[in-house]
Amino acid sequence: MKKESGGSALIRALADENVDLLFGYPGGAALHIYDAIYQQDKVQHILVRHEQAAVHAADGYARATGKVGTVLVTSGPGATNAITGIATAYMDSIPLVVISGQVASHLIGTDAFQETDMMGISRPIVKHSFLIQSPEEIPEVVKKAFIIAKTGKPGPVVIDVPKDMTDPNHLFDYQYPKDIKMRSYSVPSEVEESNIEEAVSLLEKAKKPVLYAGGGIIQGNATEELKKLAKIMNAPVTNTLMGLGAFPATHENFIGMLGMHGTYEANMAMHEADLIFALGSRFDDRTTNNPQKYSLNAKKIHLDCDYGSIEKIINVDVSLNGDAKKILNQILNKINPKNIDKASIDLWNNEILNWRETHGLNHDLLDKKFHQKQILPQQVIQSLYKSTNGKAFITSDVGQHQMFAAQYYKFDEPRKWINSGGLGTMGFGLPSAMGVKFAFPDADVVCVTGEGSIQMCIQELSTCMQYGLPVKIINLNNRALGMVKQWQDMQYGGRYSSILYEDSLPDFVKLAESYGHVGIKVENISELEERMDECISMKDKLVFMDVYVDPDEHVYPMLEAGGNMSEMRVSKTKKTF
Amino acid sequence: MSHISILMENQPGALSRVVGLFSQRGYNIDSLSVAPTNDSSLSRLTMVVKEEESVISQILKQLNKVIDVVEVQNLSDVESVSLEIAIVKLKITEKEASKIIESAFPIVGEIINHKDEFVMIKLIGSNHEVDDFLLSLNKQKFLEVTRSGLLGMGTGENFLISESETTIEY
């Protein structure tokens with residue numbers, strides 16, 4: 001049995017967890033660990049330019065692959081810089097293991113150089129955290145961290161490692177545990193048969209059902225089961241922002257994303273439904289509008305692996321707490337196609353189709369194209385969709401461009417849409433695209449961003465050059481913080497407080513070129529499609545495509561605050577209420 | 001008002017995870033007491049929470065999600081007994097103190113210290129009884145009080161004990 005130090009045991013444990021990539025940034029408290037990395041070749045360390053980007057990259061890797069993303073940072077500022085990334089993963093339930101260096105045990109609490117209380121600072125944004133108290137416990141803690149991160153409702157786990165725990169002179173026998181014992185951790189058990197029967201009975205009786213699927217269906221690998229259920233019932237399916245790709249967007253039963261900027265037909269269907277089956281979605285405030293006025297005529301079934309998400313916001317008739325794939329299979333075994341009210345559901349689908357024809361996204365856009373002078377941001381997404389045949393991994397930052405991408409890029413597969421839905425973290429797009437590109441080097445990986453968001457992690461252009469990551473950056477440049485501007489237009493009388501910076505924006509083409517990448521600037525609609533094709537076809541180059549879009553464009557539909565799901569603004573001048 | 005009993009790992013950080021959950025999610029704790037149990041690897045925590053029933057049910061679910069928490073019991077849902085212990089310091093004579101204790105029924109009181117012109121009394125009773133007793137004291141003579149917070153336990157077979165360890169393979 002080979003002896004290991006705490007530092008080498010930590011890296012060996014990662015290798016035993018089949019970790020191939022570790023995103024991070026070195027520093028004093030983590031130096032023993034970095035020396036251990038140097039002396040092995042199983043785990044490759046990826047040097048980013050800022051710790052926030054390390055966490056986002058690991059997060060993007062985790063979302064695209066379904067595996068656990070892994071991060072290593074040093075103490076103090078390394079740890080605090082990682083916090084935004086950890087909070088982002090926590091809000092979207094992404095499995096990460098974040099290892100932070102810490103000052104030596106005897107210095108903890110003395111305000112030592114680069115000391116920060118990582119356990120304390122990260123506590124509200126982790127699924128769990130560990131402080132290493134002896135080098136010998138490192139293999140077991142790593143095992144626990146991976147299990148906790150990945151099972152049940154996934155989430156980030158922090159391991160804080162004081163420097164003396166990784167002392168290269170302290171050696172011990174290394175053994176990686178096969179299983180672990182934890183009396184205080186369990187994953188949801190089986191759902192009772194009676195609950196399944198109740199759910200099936202509601203599904204069979206429904207005349208106006210909606211299957212409302214979220215990120216849990218993607219994380220729970222239950223997309224095939226969802227498709228089967230939709231087919232048996234011929235029921236309309238809507239996805240949340242996090243759930244895009246859980247059900248194919250080009251499928252005839254798909255009615256678009258719902259919520260704050262959901263499609264007219266999806267929001268109307270939620271309001272008029274007589275049965276809402278929430279699958280791996282958590283009735284987030286962006287998807288319910290006012291909970292008191294939420295879909296009052298609908299019976300509700302809620303499937304979620306997190307018991308705490310059930311009846312947190314909306315009371316339901318049947319709760320199904322557990323694994324999505326298992327529970328959906330139980331339902332599929334039980335449901336009798338003959339009992340489904342097909343005739344009523346046909347009428348219901350026609351009603352929804354009618355909403356789409358009169359108020360759907362395409363209708364809205366046709367109208368706008370008629371008057372347009374500048375490139376519309378929606379057209380850029382449509383052009384991107386065409387150039388990538390709808391098959392790319394799309395990461396996004398946060399703001400109008402994110403909503404346009406969610407609305408207009410039709411995701412047919414899970415894990416292709418990578419965005420910060422819960423926390424809404426600007427700066428997420430580029431580093432998460434790096435993580436995806438590492439995992440899928442041959443796939444098209446595109447970061448849809450804006451000139452505001454991209455500047456929050458733009459330093460990663462350097463990382464992309466170092467590791468040869470030919471991601472594509474589509475910058476919807478409207479020369480302002482667009483989503484804030486939209487709210488200031490709508491609710492603050494057009495008083496543009498702190499959102500304008502046109503005179504000080506960099507020349508993004510030159511900026512990209514200075515790192516050795518390719519820059520393209522597009523200002524006219526006539527050249528959009530050709531330049532987009534050119535951008536996507538440069539397989540071995542990072543291309544930064546800076547597209548000047550109409551600065552006055554708003555994202556619609558938009559739910560009216562405090563209203564029900566049918567109360568929407570559908571354009572600058574039209575509303576449904 | 002709900003009275004919640006929690007069995008959790010007796011290790012650094014566990015208490016801050018439980019208490020942090022309350023501030024993080026905006027729940028109010030009325031009283032809190034915590035100490036190790038007969039199994040020194042476990043701590044038992046008892047808290048009183050003044051929230052509506054729907055919030056209490058959320059609190060119980062969120063507590064169960066905290067990984068250091070082993071078991072949670074809502075004592076308000078089962079038959080249970082509860083009591084509070086308080087120590088009061090008064091500036092009175094021992095004789096006056098004995099009189100106060102005699103008239104304090106149903107509270108059980110006892111003089112536990114007498115030094116200079118100060119007397120310390122130990123009180124055991126329900127938290128309402130302790131509240132009422134403290135209100136009845138002469139404000140000039142009532143110097144300080146420390147209270148345990150409500151302690152409680154389910155009656156009969158309403159145990160709060162740790163289930164055996166679950167082994168997770170993966």
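Below, each value reflects all heavy atoms present in this structure, side chains not excepted, and no hydrogens, waters or symmetry copies. Keep in mind it's a predicted model, so treat the numbers as computed, not measured. Residue numbers start from 1 in every chain, and the chains themselves are labelled A, B, ... in the order their sequence lines are given, proteins ahead of strands.
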Q. B/Phe133: what forms a ring pair (Phe, Tyr, Trp, His ring centres under 6.0 Å) with it, not counting sequence neighbours?
A. none
**Q.** Residues which pass ring pair (Phe, Tyr, Trp, His ring centres under 6.0 Å) with A/Phe283, listed by chain and number, not counting sequence neighbours
**A.**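 Testing A/Phe283 for ring pair (Phe, Tyr, Trp, His ring centres under 6.0 Å), a comparison that skips the adjacent residues, returns A/Tyr212, A/Tyr294, A/His302.
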Measuring heavy-atom distances to chain B, does [X] have an atom under 4.5 Å in its side chain, in its backbone, in both, or in neither?
X        : value
A/Asn315 : neither
A/Leu131 : neither
A/Gln133 : side chain
A/Lys144 : neither

Q: Run the numbers on B/Val70 and A/Met182 for side chain to side chain contact (heavy atoms under 4.5 Å, CB included), then give the verdict.
A: CA-CA 9 Å; B/Val70 180; A/Met182 278 192 286; over 6 Å; no
Answer yes or no: does atom [atom1] of [X] have more than 12 heavy-atom neighbours from other residues, nucleotides or ligands under 6.0 Å?
X        : atom1 : value
B/Lys65  : NZ    : yes
A/Lys163 : NZ    : yes
B/Glu52  : CD    : no
B/Lys61  : NZ    : yes

Q.
Restricting to non-hydrogen atoms, name the atom on A/Arg183 and the atom on B/Ser41 that form the minimum distance, rounded to 0.1 Å.
A.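 Looking at all heavy atoms of both residues, the shortest contact is NH2-OG, 2.8 Å.
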Q: Check the pair B/Arg17, A/Ser129 against side chain to side chain contact (heavy atoms under 4.5 Å, CB included), reporting the backbone distance first and the verdict last.
A: CA-CA 10 Å; B/Arg17 286 183 218 277; A/Ser129 49; 2.9 Å; yes
Q. Who among A/Arg123, A/Lys312, A/Met119, A/Lys127 has the most heavy-atom pairs with chain B under 4.5 Å?
A. A/Arg123
Q | Heavy-atom proximity to chain A below 4.5 Å, by part of B/Leu21 | A | backbone
Q) Just by modelled atom types, is the B/Ile67 backbone N or O under 3.5 Å from a matching donor or acceptor in the A/Ser184 side chain? A) yes
Q: Let me see the working for A/His128 and B/Asp68 under side chain to side chain contact (heavy atoms under 4.5 Å, CB included), right down to the final yes or no.
A: CA-CA 9 Å; A/His128 197 53; B/Asp68 285 333; 3.6 Å; yes
Q | Residues B/Ser57, A/Glu311; criterion side chain to side chain contact (heavy atoms under 4.5 Å, CB included); working and verdict | A | CA-CA 9 Å; B/Ser57 108; A/Glu311 302 212 315; 5.9 Å; no
Q. If you tally heavy-atom pairs under 4.5 Å against chain A, which of B/Met8, B/Glu9, B/Gln62 wins?
A. B/Glu9
